[in-house]
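All figures in this text were calculated on a predicted structure; none of them were measured in a lab.
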Amino acid sequence: MQETEVPGSAIRQPWYNGQHKHSGIALFSPAQVHDGSWEHVWQVRQQALEDYYRLHPARFHYRPVTPAPAGVVGINLPSEEAGVALQAA
């Protein structure tokens, strides 16, 4: 094990990237967002919400919409004034 490696990180990393649902990316896994498979899961979630809304509209104040991940995410992104063009992965 290298000095910079956290014990057990080799076990946690696949779970964290592939199975753990992150609140910051609309409860999708990083792997789903990276490979684009989140779109299918989003459609299934949205359909379930629409079906429930159709059956029980009185339980809602407005029509529910399933959250989706942001188009561009990152840490310390340049400001829009900097004029740096960002592109999705």
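- With sequence neighbours left out, the side chain to side chain contact (heavy atoms under 4.5 Å, CB included) criterion links Ala68 to Trp38, Trp42.
- Judged as a side chain to side chain donor-acceptor pair (under 3.5 Å), and not counting sequence neighbours, the contacts of Asp51 are Gln47, Arg54.
- Pairing each heavy atom of Val65 with each of Leu49, the nearest pair is C-CD1, 4.1 Å.
- Residues Ile25 and Pro69 come closest through the heavy atom pair O-CG, 3.9 Å.
- Under the rule for a side chain to side chain contact (heavy atoms under 4.5 Å, CB included), the partners of His20 that lie at least two apart in sequence or sit in another chain are Trp15, Tyr16, His22.
- Residue pairs that meet the salt bridge (Lys or Arg N to Asp or Glu O under 4.0 Å) test with at least one member in residues 21-46, sequence neighbours left out, do not exist here.
- Each side-chain hydrogen bond (donor to acceptor under 3.5 Å, both in side chains) pair with one or both residues in residues 56-69, not counting sequence neighbours, appears once here: Gln46-Thr66, Tyr52-Arg59.
- Pro67 pairs by the side chain to side chain contact (heavy atoms under 4.5 Å, CB included) definition with Ala26, not counting sequence neighbours.
- Between Gly18 and Ala31, the closest heavy-atom pair is CA-CB, 4.1 Å.
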